[in-house]
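Just so it is clear, the structure is predicted and the values come from calculations on it, not from any experiment. All values below come from the heavy atoms of this structure, side chains included, with hydrogens, waters and symmetry mates left out. Index from 1, following the sequence. First listed ligand is number 1; within each ligand, the first listed atom is number 1.
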Amino acid sequence: MKKRILIIEDDKDIVEAIRYNLEKERGFSVRSAQTGDEGLSLALEERPHLIILDIGLPGLSGYEVCRMLRRDAETRDIPIVMLTARGSESDKVLGLELGADDYLTKPFGIRELIARVRAAMRRKEGEPGAMEVFDDGKLYLHFGDYVVRFNGREPKLTFKEFSLLKLLVQNAGRVLSRDKILDAVWGYNYFSESRTVDVHIRRIRKKLGPKAENYIETVIGVGYRFRLQNPGLQTSPSPSNSKSQATSVP
Ligand code: CA
């Protein structure tokens with residue numbers, strides 16, 4: 001699976017040099033944007049694995065673009081490597097404070113850039129909670145590629161539904177409140193109500209189909225919990241048939 005890289009830079013020669021070298025490395029596919037606005041919409045559309053962002057752009061500056069990428073729940077986890085012609089320490093500090101992962105001063109060597117790109121992606125993948133794949137033999141999720149399979153089917157989840165399911169899976173066993181889910185999936189400045197979460201959970205369960213409730217448990221008055229299933233128990237009777245559970249079923 002190729003890693004998608006988005007370059008936001010108005011200097012076409014630089015874009016082409018980076019594109020040529022990254023694509024030559026294999027394993028990378030490259031898209032580019034010449035302005036911040038175009039870059040922001042491509043970032044949402046493509047969900048790249050990493051963004052190479054120039055500070056000197058026409059219109060929105062790279063700093064502003066960086067700030068907006070970090071503010072949006074859908075793009076805030078994408079690693080950013082910043083480029084600039086300016087090499088002063090304060091520029092570098094500002095870029096890093098705004099959430100850039102690394103920083104390169106022009107002129108830079110292309111090998112250096114590729115090494116930084118790889119390092120930034122490795123760091124992201126090594127972060128706790130940044131599990132790439134969940135697979136228990138029945139439910140399969142690939143977080144980077146937005147793939148879901150359940151009981152041999154491949155339900156089509158929207159981006160929000162996928163993000164919500166991913167959050168639950170990555171916090172398996174823990175009860176997440178509706179507020180916490182809203183904050184993590186929709187962003188802290190998203191104006192919404194907890195009912196939004198319920199609606200999305202309902203849609204996820206419906207799309208996954210029968211037995212999805214075994215995985216996504218409603219914790220009344222609080223929120224939701226993802227329960228790990230023992231794949232060895234897949235063929236065992238449903239819980240209502242077992243003695244220990246029967247007493248709690250009216
Ligand atoms: Ca530029």
Side-chain angles (χ1 to χ4, degrees), residues 1-127 130 132 143-146 159 163 186-190:
M1 181 54 67
K2 288 195 173 184
K3 298 288 185 192
R4 298 180 298 276
I5 309 282
L6 171 62
I7 308 172
I8 309 176
E9 159 69 288
D10 58 319
D11 185 324
K12 286 183 187 156
D13 292 339
I14 292 178
V15 171
E16 286 320 307
I18 297 174
R19 183 200 306 278
Y20 174 79
N21 283 282
L22 278 176
E23 288 183 344
K24 204 175 64 174
E25 289 285 304
R26 311 243 165 92
F28 292 106
S29 72
V30 177
R31 292 291 301 271
S32 63
Q34 289 187 41
T35 65
D37 281 320
E38 197 192 332
L40 287 168
S41 58
L42 263 182
L44 283 171
E45 204 177 290
E46 294 271 313
R47 302 188 212 297
H49 294 91
L50 181 135
I51 296 174
I52 298 171
L53 173 63
D54 186 38
I55 289 176
L57 293 171
L60 288 178
S61 78
Y63 290 131
E64 290 167 297
V65 173
C66 185
R67 191 180 288 125
M68 290 164 89
L69 287 168
R70 286 296 175 255
R71 207 178 279 162
D72 191 321
E74 298 193 19
T75 54
R76 70 178 167 211
D77 293 329
I78 303 173
I80 297 173
V81 174
M82 274 194 161
L83 303 179
T84 183
R86 291 167 287 184
S88 86
E89 202 57 27
S90 59
D91 282 340
K92 177 173 173 171
V93 169
L94 179 56
L96 297 176
E97 270 178 2
L98 289 174
D101 295 81
D102 204 350
Y103 192 98
L104 234 68
T105 305
K106 294 176 185 172
F108 52 83
I110 202 79
R111 308 303 316 164
E112 177 70 12
L113 174 68
I114 292 172
R116 301 284 189 97
V117 163
R118 289 194 190 283
M121 287 196 299
R122 264 199 310 274
R123 277 198 299 277
K124 186 57 68 182
E125 282 164 8
E127 278 179 8
E132 271 288 284
F143 299 125
D145 296 334
Y146 302 91
F159 181 68
S163 303
W186 279 267
Y188 61 91
N189 53 7
Y190 183 80

| message | Nearest 10°: the angle subtended at the Ca ion (ligand 1) by Glu9 OE1 and Asp54 OD2? | response | 70°
| Atom name in Asp10, limited to N/O/S, at shortest distance from the Ca ion (ligand 1) | OD1
| query | Has Gly56 got an N, O or S atom lying less than 3.0 Å from the Ca ion (ligand 1)? | reply | yes
| Any idea which heavy atoms bring Gly39 and Leu6 closest together, and the distance? | O-CD2, 3.5 Å
| said: Could you check whether any side-chain N or O of Arg47 sits under 3.5 Å from a backbone N or O of Leu44, counting only pairs where one atom can act as donor and the other as acceptor? | reply: yes
| Within the stated cut-off of 3.0 Å, is an N/O/S atom of Asp11 closer than that to the Ca ion (ligand 1)? | no
| remark: Closest heavy-atom pair, Leu57 versus Leu60, reported as atoms and distance to 0.1 Å, is CB-O, 3.4 Å
| request: Scan Arg19, Lys106, Arg31 and name whichever one has a salt bridge (charged side-chain N to carboxylate O under 4.0 Å, His left out) with Glu9. | output: Lys106
